[in-house]
Protein chains: 2
Amino acid sequence: MKDSTVVDLSAIRTTCQNCGLYQLCLPMGLEEGDMDRLDKVIKRRRKIEKGDHLYRMRDAFNTVYAIRSGSVKTYTSIENGAEQVTGFHLPGELLGLNAVSTKFHTDSAVALETASVCEIPFDRLEDLTREIPSMQHHMLHVMSEEIQSDHCQLMMIAKMPAEARLARFLLSLSMHFGNRGFSATEFNLSMSRNDIANLLGLAVETVSRLFSHFQDEGLLTVERKHIVIHDIDGLMDVTTKCPSQPLPNKKSSD
Amino acid sequence: MKDSTVVDLSAIRTTCQNCGLYQLCLPMGLEEGDMDRLDKVIKRRRKIEKGDHLYRMRDAFNTVYAIRSGSVKTYTSIENGAEQVTGFHLPGELLGLNAVSTKFHTDSAVALETASVCEIPFDRLEDLTREIPSMQHHMLHVMSEEIQSDHCQLMMIAKMPAEARLARFLLSLSMHFGNRGFSATEFNLSMSRNDIANLLGLAVETVSRLFSHFQDEGLLTVERKHIVIHDIDGLMDVTTKCPSQPLPNKKSSD
DNA sequence: CCACGTTCTTGATCTGGATCAATAGCGTAT
DNA sequence: ATACGCTATTGATCCAGATCAAGAACGTGG
């Protein structure tokens, strides 16, 4: 369904070099020779259908996944069966590294839509990491980025009101799409309202109401999964609407 | 300013081998020879007074810190001046690694009481990491642990009621003290109520009330900073008091 | 010693967002 | 088509925990 013509597929075998995502993904910053070595350990193009799991909590950890297309949700489940969404992941992102310390996964990863991923055996990756300095740096880089984004998420849930959380979520999606060459103002949500609510620590109903509210304000148009952002700056204003904030330079009315 | 006095400190110079924390800290799992190499790059025993900063947000990142004694709070500040506490850190913990991706710190670290830390230049550490496989693994280990604890924290703030959060916080402190050879049931809090509230995403008043409440229930005795836990199991029960939980075996009144 | 600032506790009130409830829009299997 | 299940929207009510307010306990410096 992807390359439907008669050409032989081996000739057009994808490599990191022609992946189009390589600047966002693992090979970022690698020299050509090193990229070839990486290429050799990667099992490419595993196809994943919506609802399929890349891995599940408690599975043994031996593979790292790079998303090529589609989107993936990660979540952890708690004793009592409740579920906490920890993130939505777009092409170019690396998944699974947080299991290094436990040797088994502490979260699950499920496709939100048809997706394709590259699989990288972790032990082979660790070898490479040792041999290629910039690769080592990159691994630490990826993990420290994750820590930072978690801190940000933490702060958001702990301190920001519901509307600011949703606004920030939408802006972050918009930015990611923009970075990947898609429209930053018009896109489809691959996740349900439920998943969004869960990620943001809100109830579904609240998310739904907020979408309607944003639409009433003229900030965006929402039709089910389809979003068109009309006023990025307006959304950013919402982001900073924290109760504890003095907001000295706004309107100057007082 | 490094080796200033006349007594010869070298005789009592601490090394990782005799640190007592080495099983919790960076040298964990290293062989003796490798530990010596690590020893050589570590600047030991920087003394930190209460309120002093190890580093501040936006500082250039070039050093990783290992806590030897005392305790340290990490926090990020948001645009508007609000502050989000991201963690309290006890002896044996490694600080600063999350700045790898940005090359500058995205959080600040301040001593909650007099503390001493080891400083490790990151570039030297990265070299070592490349040369000592188990060290490389350990670095990833430490970071993935941090990610997991952040996910846990996220879940807690997003899904658990106030009392469960405080109970979990106390149990986690208790466990950490226990692991370090101190009493798991009697200890002093080095952080203020304000800091606790901030970490847990609550108001100070709520934390204060919960302490009183726990005391009324006979779970613990609290006198300012001094805590004595009387009923660990009871506290654990509180931890699982989530509203979304069916709790079939509770009272059976309906 | 007392004065002043900080941190903590406790009580009274208020509110953002959860929960409950009902309906509407879609998807998809028969 | 029709029926069933799932997801989303919208309204009405409720409550956990925030906010406001007032003391009390402590620390620190004169």
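What's counted below: heavy atoms across the whole structure, side chains too, no hydrogens, waters or symmetry copies. Chain identifiers are assigned alphabetically (A, B, ...) following the order of the sequence lines, protein sequences preceding nucleic acid strands; residue numbering begins at 1 within each chain.
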For B:His105, enumerate each residue passing the ring-ring contact (aromatic ring centres under 6.0 Å, His included) test, keeping only those at least two apart in sequence or located in another chain. B:Tyr55, B:Phe61
base_contact_polar (C:dC8 base, B:Glu205 side chain, donor-acceptor, <3.5 Å): no
Counting just side-chain N and O atoms, does B:Ser192 come under 4.0 Å of either OP1 or OP2 of C:dT6? no
d(CG, A:Asp216; P, D:dT9) in whole Å: 12 Å
So which nucleotide from C:dA18, D:dA18, C:dC8 ends up closest to the side chain of B:Arg193? C:dC8
Rounded to whole angstrom units, what separation is found between the NZ atom of A:Lys50 and the P atom of C:dT28? 8 Å
In whole angstrom, what separates A:Asn194's CG from D:dT7's P? 7 Å
Ignoring hydrogens and geometry beyond distance, is the side chain of B:Arg209 in donor-acceptor contact with the base of C:dG11 at under 3.5 Å? yes
Distance-only donor-acceptor check, side chains B:Ser108 and B:His53, under 3.5 Å: no
Can you find a pair of side-chain heavy atoms, one from A:Arg58 and one from A:Arg56, that are under 4.5 Å apart? no
Does B:Lys159 use its side chain to pair, donor to acceptor, with the backbone of A:Gly201 at less than 3.5 Å? no
Residue-phosphate contact under 4.0 Å: A:Ser208 side-chain N/O, D:dA8 OP1/OP2: no
Rounded to whole Å, how long is the line connecting atom NE2 of A:His213 with atom C1' of D:dG11? 16 Å
Report which part of the nucleic acid B:Ala162 touches: base, sugar-phosphate, or nothing (heavy-atom distance under 4.0 Å, all strands). sugar-phosphate
Determine: side-chain N/O of A:Lys225 to OP1/OP2 of D:dT7, distance under 4.0 Å, yes or no. no
Looking at B:His230, B:Gln215, B:Glu186, which one forms a side chain to side chain donor-acceptor pair (under 3.5 Å) with B:Thr221? B:His230
Restricting to nitrogen or oxygen on both sides, can you table the protein-nucleotides 24-28 of chain D pairs closer than 3.5 Å?
none

How many whole angstroms separate atom CZ of B:Arg165 from atom P of D:dA16? 13 Å
Pi-cation contact, B:Phe211 with B:Arg193 (under 6.0 Å, within 45°): yes
Side-chain ion pair, A:Lys73 and A:Glu83, N-O less than 4.0 Å: yes
Interatomic distance, B:Leu200 CG vs D:dG17 C1' [rounded to whole Å]: 13 Å
Rounded interatomic separation in angstrom, taking NE2 from A:His226 and P from D:dA8: 16 Å
Nucleotide D:dA18, atom P - distance to CG of B:Leu166 in whole Å: 12 Å
